[in-house]
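Step one of this worksheet: look at the structure below.
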Amino acid sequence: QAVIDANALAGADTIVFDAALFNTPQTISLSTGEMAISGPLIIVGPVAQLTINGNSAGRIFRIDNGDFDSINVTIQNVKFMNGHSIGGNPSGAGGAIYCWNENLTLTNCVFLSNVSDDSSGAIHFPAPGGTLSVTRCTFDSNDASAAGAAGAIGLYGSTALTVVDCTFRNNHARSTGAVGQFAGGSCLISGSTFVQNSATLSAGGALFFNSEFTSNIVRNCTITNNGAFSWGGGIYLASVYTGTCTIQNCTITGNGATVN
């Protein structure tokens, strides 16, 4: 109800949780599918863990203001679990979050066991533009089943991506196990760990980069024991990739691919 109320009000809104009521870990279970966010919003979860459980009945959040003027949405201290986007694209894309051309910031969040019948097991960005900033988040055991899909995060427009101090573990998809930036943009991934992610029918066990990048930096990361069916057990740059890719002070070990 708080999200619905925020959408109805003009301007940016903030949702916080009563510390007295949420002083222990609690779960909000969804039974009727996704919640829509159509206006600028900040959600601050309690210090004690708050879980939103999609119960495999639908996606958890759809973020879309209905036009190409981006809104700012920030979510902190929330665990997204058992989101399931059902059907073909776009309804089946983004098991936990579908974000259309908006600016999304996530801090101290967990994405666990979210599933997409199409693209992007946890987070899906389909449109050109927008930004995604992810800090101190964990992506564990998310899955997407379509061709061209990413297990955790899939970006299909020229989006600006920032990932800092995150962990990607046991995410799986046909095209890239953890993060796929399929239509260029800019990328900074720093201080993050990618372990045991897999691209089950394609390339890029942990990371997949395609198209034109204005900048692409991966630094101070550990990329280990990831696998791909074809190329790039750890990192894959597609044949139409343009721009530089800078890898600094990373540990890349134990990754495997059938072809190379």
Side-chain angles (χ1 to χ4, degrees), residues 3-4 7 27-38 41 43 50-66 71 73 75 78-106 109-132 134 137-157 159 161 163 166 168-183 197-202 204 208:
V3 173
I4 295 172
N7 289 335
T27 298
I28 297 173
S29 295
L30 304 182
S31 59
T32 58
E34 69 185 16
M35 294 181 285
I37 297 174
S38 60
L41 181 63
I43 299 174
L50 171 66
T51 298
I52 302 178
N53 189 339
N55 281 313
S56 300
R59 184 190 295 117
I60 295 173
F61 282 134
R62 182 185 181 99
I63 305 172
D64 182 2
N65 72 338
I71 59 172
V73 175
I75 304 174
V78 175
K79 181 178 182 179
F80 297 85
M81 181 177 178
N82 295 330
H84 183 189
S85 52
I86 301 168
N89 193 22
S91 62
I97 296 176
Y98 176 103
C99 185
W100 174 271
N101 193 50
E102 317 300 355
N103 301 320
L104 177 60
T105 300
L106 301 165
C109 292
V110 175
F111 292 81
L112 175 64
S113 299
N114 300 286
V115 176
S116 169
D117 285 353
D118 196 86
S119 305
S120 314
I123 301 171
H124 182 73
F125 266 65
T131 63
L132 175 60
V134 187
C137 293
T138 297
F139 295 80
D140 191 345
S141 302
N142 302 285
D143 187 89
S145 59
I153 298 173
L155 309 176
Y156 295 83
T159 303
L161 172 66
V163 176
C166 293
F168 295 81
R169 180 190 306 111
N170 293 325
N171 302 287
H172 309 286
R174 294 177 68 178
S175 286
T176 184
V179 177
Q181 200 159 357
F182 298 103
N197 304 285
S198 65
T200 57
L201 287 177
S202 187
F208 186 116

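Side chains are part of it too, since the values below use all heavy atoms of this structure and drop only hydrogens, waters and symmetry mates. Source: prediction; values computed, not measured.
The shortest distance between side-chain heavy atoms of Leu132 and Cys99 does not fall below 4.5 Å. Residues His124 and Tyr156 have side chains in contact (heavy-atom distance under 4.5 Å, counting atoms from C-beta outward). Put simply, the side chain of Leu112 does not reach to within 4.5 Å of the side chain of Thr51, judged on heavy atoms. In this structure the side chain of Phe61 reaches within 4.5 angstrom of the side chain of Ile75, judged on heavy atoms. Counting heavy atoms from C-beta on, the side chains of Ile71 and Leu41 never come closer than 4.5 Å. Asn82 is not listed as a side-chain neighbour of Asn55, based on a closest heavy-atom distance of 4.5 Å or more.
Across every non-hydrogen atom of Ala150 and Ala144, the tightest pair is O-CB, 3.5 Å. Between Asn114 and Met81, the closest heavy-atom pair is OD1-C, 3.6 Å. A pairwise comparison of heavy atoms in Arg174 and Ala147 identifies NH1-N, 3.6 Å as the closest pair. Closest approach of Tyr98 and Ala93 over heavy atoms only: CD1-O, 3.7 Å. Between Gly204 and Ala199, the closest heavy-atom pair is O-CB, 3.7 Å. Pairing each heavy atom of Ser116 with each of Gly94, the nearest pair is OG-N, 3.7 Å.
Partner Asn171 forms a side chain to side chain donor-acceptor pair (under 3.5 Å) with one of Asp143, Thr176, Asn142 and no other, that one being Asn142. Paired with Thr131 under the rule side chain to side chain donor-acceptor pair (under 3.5 Å), one option of Asn103, Asn101, Thr159 passes, and it is Asn103.
For the atom pair Ile52 CD1 and Leu30 CG, the distance stands at 6.5 Å (nearest 0.5 Å). Interatomic distance, CD1 of Ile28 versus CE of Met35, reported as 7.0 Å (0.5 Å rounding). A distance of 11.5 Å separates CZ of Phe168 from CG of Asp140, quoted to the nearest 0.5 Å. Note that CD1 of Ile153 is 7.0 Å distant from CG of Leu155, once rounded to the nearest 0.5 Å. From Ile97, atom CD1 reaches atom CD1 of Ile37 across 7.5 Å, with rounding to the nearest 0.5 Å. Annotation: the span from Leu106 atom CG to Cys166 atom SG amounts to 9.0 Å, rounded to 0.5 Å.
Contacts of Phe125 classified as ring-ring contact (aromatic ring centres under 6.0 Å, His included), with partners at least two apart in sequence or in another chain: none.
Ring pair Phe208/Phe182 is tilted by interplanar angle, where 30° to 60° counts as tilted. Ring orientation note: the planes of Phe80 and Phe111 are close to parallel, at an angle under 30° on the 30°/60° scale.
In this model, no donor atom of one side chain and acceptor atom of the other lie less than 3.5 Å apart for Asn53 and Ser29. At a cut-off of 3.5 Å, with distance as the only test, a side-chain donor of Asp117 or His84 sits close to an acceptor on the other residue.
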